[in-house]
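These notes concern the structure reproduced below.
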Protein chains: 2
Amino acid sequence: MSSRIHHSGLRSKVMSAEEAAAFIRPGTTVGMSGFTGSGSPTAVPLALAERIRAAHDRGEEFRINLHTGASTSPEMDGALAEVDGVALRAPFQSDPAMRAKINAGEIDYVDTHLSHLAQTVWNGFYGPMHTAVVEISAIREDGTLVPSSSVGNNKTWLDLAEQVILEVNSWQSADLEGLHDVYYGTALPPSRKPVMITAPSDRIGQPYFEVDPAKVVAVVETHAPDRNSPFKPADDDSIAIAQHLIEFFEHEVAQGRYDERLLPLQSGVGNIANAVMAELVKSRFKGLTAYTEVVQDGMLDALDSGTLATASATAFSLSTEAAERFNDTVAAYRDKLILRTQEISNHPEVVRRLGILAMNGMLEADLYGNVNSTHLMGTKMMNGLGGSGDFARNAFTSFFLTPSTAKNGDISCIVPMVSHVDHTEHDVHVVVTEQGLADLRGLSPRQRARLIIEKCAHPDYRPALEDYYERALKGSDGLHTPHLLGEALSWHQRFLDTGSMKQG
Amino acid sequence: MSSRIHHSGLRSKVMSAEEAAAFIRPGTTVGMSGFTGSGSPTAVPLALAERIRAAHDRGEEFRINLHTGASTSPEMDGALAEVDGVALRAPFQSDPAMRAKINAGEIDYVDTHLSHLAQTVWNGFYGPMHTAVVEISAIREDGTLVPSSSVGNNKTWLDLAEQVILEVNSWQSADLEGLHDVYYGTALPPSRKPVMITAPSDRIGQPYFEVDPAKVVAVVETHAPDRNSPFKPADDDSIAIAQHLIEFFEHEVAQGRYDERLLPLQSGVGNIANAVMAELVKSRFKGLTAYTEVVQDGMLDALDSGTLATASATAFSLSTEAAERFNDTVAAYRDKLILRTQEISNHPEVVRRLGILAMNGMLEADLYGNVNSTHLMGTKMMNGLGGSGDFARNAFTSFFLTPSTAKNGDISCIVPMVSHVDHTEHDVHVVVTEQGLADLRGLSPRQRARLIIEKCAHPDYRPALEDYYERALKGSDGLHTPHLLGEALSWHQRFLDTGSMKQG
């Protein structure tokens, strides 16, 4: 038996994943751990999927409502979606099988701000939480739990669930102990107190989860890597976007609006975010801080080089190579890295106070700075909103990043009107593509339109955008935000009809 | 000379409005006081408008950039718009002349969250603030200023402006002294500290504005009422909406989600907000609190009856009758009423912590709970976003309220797709019309659509909405958020073409 379980009562609950999964009943709500593929349980969800498949084969109904931290793994979202085991899913996903069922109308998906789910589940209108399935890296003698490579909503699931299943994953480094900051001061209003973080390095909690051992019905031992993917070198578009951003940072420092250490950085997931960190490492900036959701490869490199002094997040999202390197050297990062609950890593109060520079990817922006982060052609869910709203809405400066085209140029990511809005014109400060950067702060809609076309649109689509805008200036009912309503979404319809937004 | 000016240095600066207006130069940025018609300067803007008209008659350029708290008065927004004296306007307006010029494309309007303007002006990308024109109710011996009937952004304008013009308005009650709470603890990041408000009644500042007397170039005495309008009794739709809300409050109390004193109420401006307060006064609820932008007639009545124990706001917005009554009895409200700077009255940190129940009007909502608060038919600015985003985005529960139809039934306020988004599906919890209330919390887009049609749509439009939704379920590219892109905005286009959203 694993040397990771130091509490005798919980040691007696060790069983197989199949036995553990049998505790989960049809029609109930389950809170699982996992954030960007880090710290997701693997054995119990797979066993649960098998149980559901067998039930369906017998003609029995068996679906659960599934809450997590964010995206998880093929062993969870993939396996459960494939067996039609999920009725309702929140707050974020990125799994191909899960996405397909959501877009086929077979799974109800509630795309939610990542900082909000804990309070809404606590508030009770999702109904009671039946089971928590939480991966941890160790159980201590006193029954407290050492978190794994993501903290996410685990504290809330452990607090609220009627029964708890723990996966103790010995693949996770034993040195993670001490890295986490689990805040036990949250409450529902009117009992809320200020969250006393004034710098990304502040610790306000404890390194361990609490759990009532009497609620733990099963402990399952695993040795399973996180869902890490191979590292992809940055592409030219990502590097160009990163360079535009750094040029802007320099400009703001010169204007006296950011100081030499900028302001705490939030950086989304993916290649562009990695490229931003890589370009920052090459830049003259040193001693920066990050207050963000996830630590990617680029952020580890930036910590190594001194570009970053501190990074606060709720999860890792590392490549296979970086995860191995990190697992061997965790102890060296203990003073520089903090993983918090996602309520706190994404807390609007803290985001506003710290004055975050929030950098998030998007699918498309329109002439007036409205941003679509989630919906392909207005109707299909890509992944979800994630924490982009938590950060952008309360940021000191919000940046939205995308290459100017997608699908080999058949989609313009700058359109007359976005087909879905996740971030309104009021909350979008800066739009960046490989073409350039549009600083929209303090501009009226008409001023923004000129700038976005000039700075951000791809040359292939610039004339058509200019044409739309000029005709809207003549034909629009009102000229505050000029639009031709009959044509505003025609680019998306053309893509659906012809496979390209380009005019024939 | 007025007995309201007790500082000898500033007494020596008393002059006519015409003389004072001469300090304002073409092309500069001016910060004026005023929030919902309360506490706006009147004499200096009128004199400035005359100066601008004369300059234009001579063929000279003369326009200013104008920042305020929120909406103001005909003497300011009306007069300055009529003489084409404004190049750029922020953050909110509701004046017919100003609106017409904005929608004609002649004034650049930056529609901004009311809690954000101070930090963005301070941050400098609007350029330097040349002049502050601030109405106050008295100047104290030590040179500190007793605020008027709104606080708004005045602290920031007084701090930042190169020169200051004060209007001392003796129409405002002398008893206002002591009512205000002006917080001097704000800062730009990385120097921000927690805003230590944990209840609506908390005071964290001082009752007076500071100003450097050396910056004051003119003091103008006035005796001018606020822009108050006659009180209109609540119409049937507003009463029905209020009753649906109170029924929902009762339901949430029964579920244990709100306690008997609910949570702090934020209530927008207008008839519906007044009706909500009037119905609450008739209800069993007592000892409630408000943390909101404006105190309307209904809120004064609720304070009188004990329905409300405390109200925190940044401005009054009273009828002529209520303003007269209030001016005679201000002292009686000193323990129950607090006017704060709008940075604090609308602060996302405080809104989130207190767990505000945010109730705001809207123009239209769509099947999926996206809300348009500002744009008529997607292109024409009505008034602006105001504080609705400050409150809704960080609220414990966000409510959006409207009659189900407008323009004598020719506009459905529930549409397939909103023509502009100010509040995204992620931030809209509850939609209420006179028809009923749709509680969207925890629902997927498809679940929301069914509920909004059933509960909120007017019977005249319900069949067409059902028809659209059923056809979208068949013809939509993706079924997460079903839409027919070619038809999604056709209701708005039909209104523009035929004067009605109704199908012929």
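Everything numeric here is computed off the predicted structure, so don't read it as measured data. Each chain gets a letter, A, B and so on, in the order its sequence line appears, and its residues count up from 1. Values below: all heavy atoms of this structure, side chains included; hydrogens, waters and symmetry mates excluded.
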Decide yes or no for B:V371 and B:V418: does some side-chain heavy atom of the first lie under 4.5 Å from some side-chain heavy atom of the second?
-> no
What's the verdict on salt bridge (charged side-chain N to carboxylate O under 4.0 Å, His left out) for B:R450 and B:E470, showing C-alpha distance, side-chain angles and the deciding distance?
-> CA-CA 10 Å; B:R450 300 267 185 214; B:E470 294 301 331; 2.7 Å; yes
Residue from B:V350, B:T120, B:D427, B:L484 scoring the most non-hydrogen pairs under 4.5 Å with chain A is B:D427
Under 4.5 Å from any heavy atom of chain B - which part of A:H113 | side chain
Which one, A:L385, A:L188, A:D439, A:T198, leads in non-hydrogen pairs under 4.5 Å with chain B?
-> A:L385
Which atoms of A:D390 approach chain B - backbone, side chain, both or neither, heavy atom under 4.5 Å | both
Counting heavy-atom pairs under 4.5 Å to chain A, which of B:M417, B:E252, B:Q493, B:R446 comes out on top?
-> B:R446
For A:E487, all residues meeting salt bridge (charged side-chain N to carboxylate O under 4.0 Å, His left out), sequence neighbours excluded | A:R471
Closest approach of A:H429 and A:A395, non-hydrogen atoms and distance?
-> CE1-O, 4.1 Å
With the side chain counted from C-beta on, respond yes when A:V428 and A:N370 share a heavy-atom pair under 4.5 Å apart, and no when they do not.
-> no
Does A:H483 have its ring centroid less than 6.0 Å away from the ring centroid of A:Y368?
-> yes
A:Q119 portion near chain B, given a 4.5 angstrom heavy-atom threshold | side chain
Heavy-atom distance under 4.5 Å to chain A: side chain of B:L443, backbone, both or neither?
-> backbone
Side chain / backbone / both / neither for A:R441 at chain B, heavy atoms under 4.5 Å | both
Are the side chains of A:T397 and A:R257 in touch, meaning some heavy atoms are under 4.5 Å apart?
-> no
Strictly by modelled atom types, are B:T29 and B:H67 linked by a side-chain donor-acceptor pair under 3.5 Å?
-> no
Looking only at A:T379, A:L354, A:N103, A:L88, the option with the highest number of non-hydrogen pairs under 4.5 Å against chain B is A:T379
Taking every heavy-atom pair that is under 4.5 Å apart, which of A:W122, A:F396, A:Y258 has the most such pairs with chain B?
-> A:F396
Any chance the side chains of B:H420 and A:E425 put a donor and an acceptor closer than 3.5 Å?
-> yes
Cut-off 4.5 Å, heavy atoms of chain B, and the answer for A:I102 is both
What option among B:S490, B:G355, B:P194 has the most heavy-atom pairs under 4.5 Å with chain A?
-> B:P194
Considering only heavy atoms, which portion of A:D259 lies under 4.5 Å from any heavy atom of chain B: side chain, backbone, both, or neither?
-> side chain
Applying a strict 4.5 Å limit to non-hydrogen atoms, the region of A:A90 in contact with chain B is neither
Distance-only polar pair, side chains of B:S444 and A:D108, donor-acceptor under 3.5 Å | yes
Could you check B:L117, B:D111, B:V110 and say which one makes a side-chain contact (heavy atoms from CB on, under 4.5 Å) with B:P91?
-> B:L117
Per-residue contact mode, B:Y126 against chain A (heavy atom under 4.5 angstrom) | side chain
Pick from B:H423, B:M377, B:H347: which one has the most heavy-atom pairs with chain A under 4.5 Å?
-> B:H347
Is a side-chain donor-acceptor pair under 3.5 Å present for A:H375 with B:T481?
-> yes
Between chain B and each of A:R89, A:H492, A:K193, count heavy-atom pairs under 4.5 Å; write down the option with the most.
-> A:K193
Which region of A:L263, side chain (C-beta onward) or backbone (N, CA, C, O), has a non-hydrogen atom less than 4.5 Å from a non-hydrogen atom of chain B, or is it both or neither?
-> side chain
Can you check whether B:S201's main-chain N or O pairs, donor with acceptor, with B:Y291's side chain at less than 3.5 Å?
-> no
Heavy-atom pair count under 4.5 Å with chain B, highest-scoring of A:R192, A:M196, A:M381, A:Q255 | A:R192
B:L489 side, atom CG; B:R494 side, atom CZ - distance, nearest 0.5 Å = 11.5 Å
Could you tell me which of B:G389, B:S419, B:P482 has the largest number of non-hydrogen atom pairs under 4.5 Å with chain A?
-> B:G389
For chain A, the option from B:D422, B:N394, B:L376 that forms the most heavy-atom pairs under 4.5 Å | B:D422
Check whether A:L473 gets within reach of chain B through its side chain, its backbone, both or neither, counting any heavy atom under 4.5 Å.
-> neither
Tell me, for B:L485 versus chain A, whether the close heavy atoms (under 4.5 Å) come from the side chain, the backbone, both or neither.
-> both
